[in-house]
Structures are given as structure tokens and as C-alpha cells.
Amino acid sequence: MIIAYTRAVSPALAHCELTHLARQPLDVEAAAREHEAYEALLRRLGADVRRLPATPDLPDSVFVEDTAIVLDEVAVITRPGAVSRRDETASTAAALAVHRPLGHIEQPGTLDGGDVLVIGRRVYVGRSSRTNDAAIGQLDRLLQPLGYTVVPVEFTDCLHLKSCVTQVAEHLVLLNPAQVAADVFAGCRAITVDPAEPHAGNALMLGGSVIHPEHFPGTGSRLVAAGLKVVPVAMGELAKAEAGVTCCSLLLRND
Ligand code: GLY
């Protein structure tokens, strides 16, 4: 059984952090409708969707992925790189403590979960404006004894590592080769995004399907051509807040 933790869209979402995108008018009610449809899709694909407590004063709090890294053995509570996001982690920690022993990223480390891509026992961590070397070192010390290898990764021109690369099947990643080098991901083949869709590298595997934003049809077609079962989801309004499909949930196995 997969549990998917989510959190309601904050009414303050239009005041979210933005790093690589210009601010555009954002319809918070439309974003909330997209989010509800996304949660319904997670349920349809077999997840037990549980909402974390609402935090209406924290604009980016719907992006729960950034607050923790959940592995089978441990949940590591992050220390988000944006100061405005630091108060998001407490309620995540309270929820995850029921399922896993907790580890914590501590000052001076900063780390967003969106920068962490776990493939098997390899934990790829993007060096970014949100995630620093102190946190990568802390993560290594927490996870190496559990048999994981932490691999720092360079990438460019997007917010998080998982903005430009995600796993879409066993030994298969989707990535934008202009933003991250494919040869970093040892043992994985790569599907590249449609060059007309540079932000299409973020996909979410769940229940044998791949959730992918419907506003990137060219890349969606490439995933289908590779034999994957793709489920398009509307994310156009949430994307204005620099969001992808992985950002809005924290998935954990609960066997
Ligand atoms: N708006 C998403 C983030 O900057 O964290």
C-alpha cells in the first residue's frame, strides 16, 4: 500500500517563491481544482491520500515533497533552502513519525526534497540554490550506514534536480539533456524531453503508470512511444508557482 501525503493549496499561493520563472497572475481557485484532481488521480492509481494539516499562511506549503525524503528505513526531514518555507516541516515530521524513524537536516545545511532523486540504493542530490554541500554531507552520514550511496549532481536552469530528471520505469529516467547529464545516472537509459518542452522532465511513477503534465504533449508522446502507461494531469496553474507533478505529494510504502 502506498500512502500519499498532500496538503491543501494555500490561499497565499500567488505569493510563492519563484526562482527561474517570472511571476504571472495565478488563479488560486483554479490551482486548488487542479490539486484536487491530482489527489483524485493518486487515489485512482491506488494511493491512500492523506492530507497534512493546512498551513494557509505558508504560500508554498502545497509542495510537500520538499519537506522530507522518505525511504523504507527512515524519513529525513529537510531544512528548506527558502527561509519562507522552513515552517512547513513540523507537520510533515509529526505525520511521518508514525511510519518511520526520523532523521533531520540541521543548520547550516539546507535541502529541498525536490532536489533528491532516489533510484534503488542510489540517492542523487542536486546542488542548487536550495540545497547546499553541508546538507548533502549530512544526508550521506545519515544514509550511508543504511546502504545508500549519496551522489551529488550538477544541473542548470531549473529550480530542483527533479525539475529536469525523474525516474519513469526501472532503469529508465526522463530528462532534459540541456540541464543535466544523462551519464550521471549509472545503469539507467534516458528518454529525453521534447526540445520544445524544456520543463517536461518531471514525472511521477505510481501504480504502474507515469503521471505527467498534460501541457507537455510532445514529451508525453515520447513516454508512450517507449511503452509507458502515461496518465496526463492538468497542472498549468500550479506550474506558474514553479511546480511539477512530484512536488505535490510525499509517497511512502506502508506494508
Ligand atoms: N514555488 C516553489 C518553490 O519555489 O519552492
Side-chain angles (χ1 to χ4, degrees), residues 4-35 38-39 51-52 54-70 76-93 105 109-117 124-132 135-136 139 153 155-166 176 179-180 198-204 211-213 215-216 233-251:
Y5 278 104
T6 63
R7 193 188 323 261
V9 171
S10 160
L13 179 66
H15 303 288
C16 67
E17 297 283 340
L18 288 176
T19 307
H20 293 270
L21 292 185
R23 199 169 296 279
Q24 310 173 52
L26 195 158
D27 180 340
V28 177
E29 286 181 12
R33 284 194 295 276
E34 285 179 356
H35 184 255
Y38 170 87
E39 291 177 317
R51 276 198 174 181
L52 295 167
T55 49
D57 297 335
L58 300 175
D60 282 295
S61 56
V62 63
F63 305 127
V64 292
E65 171 183 58
D66 292 317
T67 61
I69 301 143
V70 188
V76 179
I77 306 303
T78 67
R79 183 167 180 268
V83 174
S84 69
R85 302 198 58 187
R86 299 255 165 93
D87 289 344
E88 294 176 23
T89 58
S91 52
T92 303
I105 299 299
T110 65
L111 184 142
D112 282 10
D115 278 322
V116 181
L117 172 62
Y124 297 97
V125 188
R127 287 196 172 103
S128 74
S129 59
R130 303 289 177 84
T131 296
N132 63 19
I136 295 174
L139 198 61
V153 181
F155 68 97
T156 57
D157 296 333
C158 57
L159 177 58
H160 288 131
L161 178 66
K162 278 189 282 190
S163 309
C164 61
V165 55
T166 44
N176 180 343
Q179 294 176 324
V180 67
H199 304 299
N202 184 264
L204 177 63
I211 300 171
H212 192 252
H215 57 276
F216 296 131
V233 66
M235 289 287 287
E237 210 59 34
L238 287 163
K240 293 179 186 172
E242 225 162 350
V245 289
T246 60
C247 310
C248 296
S249 58
L250 262 174
L251 303 184

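Computation of the quantities below employed the complete heavy-atom set of this structure, encompassing side-chain atoms and omitting hydrogens, waters and symmetry-equivalent molecules. Both ligands and their constituent atoms are indexed starting at 1 by order of listing.
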- Message: One residue to check: L159. Relative to ligand 1, which of side chain, backbone, both or neither has a non-hydrogen atom less than 4.0 Å away?
- Response: side chain

Please check whether [X] reaches ligand 1 - meaning an N/O of the residue sits under 3.5 Å from an N/O of the ligand, judged on distance alone.
| X | answer |
| --- | --- |
| D66 | no |
| A241 | yes |
| R85 | yes |

- Can you label the angle between the F216 ring and the H212 ring as parallel, tilted or perpendicular, going by 30° and 60°? tilted

- Query: Is T19 in contact with ligand 1, taking contact as a heavy-atom separation below 4.0 Å?
  - Reply: no

- Message: Less than 4.5 Å apart, side chain to side chain, heavy atoms only: is that true for L13 and P59?
- Response: no

Inspect the contact between [Y] and [X] and indicate whether a charged nitrogen and a carboxylate oxygen are less than 4.0 angstrom apart.
| X | Y | result |
| --- | --- | --- |
| R33 | E237 | no |
| K162 | E65 | yes |
| D66 | R85 | yes |

- Task: Without swapping roles, check the side chain of R23 against the backbone of C16 for a donor-acceptor pair under 3.5 Å.
- Result: yes

- Query: Got the closest protein heavy atom to atom 2 (C) of ligand 1, with its distance?
  - Reply: D60 OD1, 3.2 Å

- Min over R130, H15, E242 of heavy-atom distance to atom 4 (O) of ligand 1 lands on R130

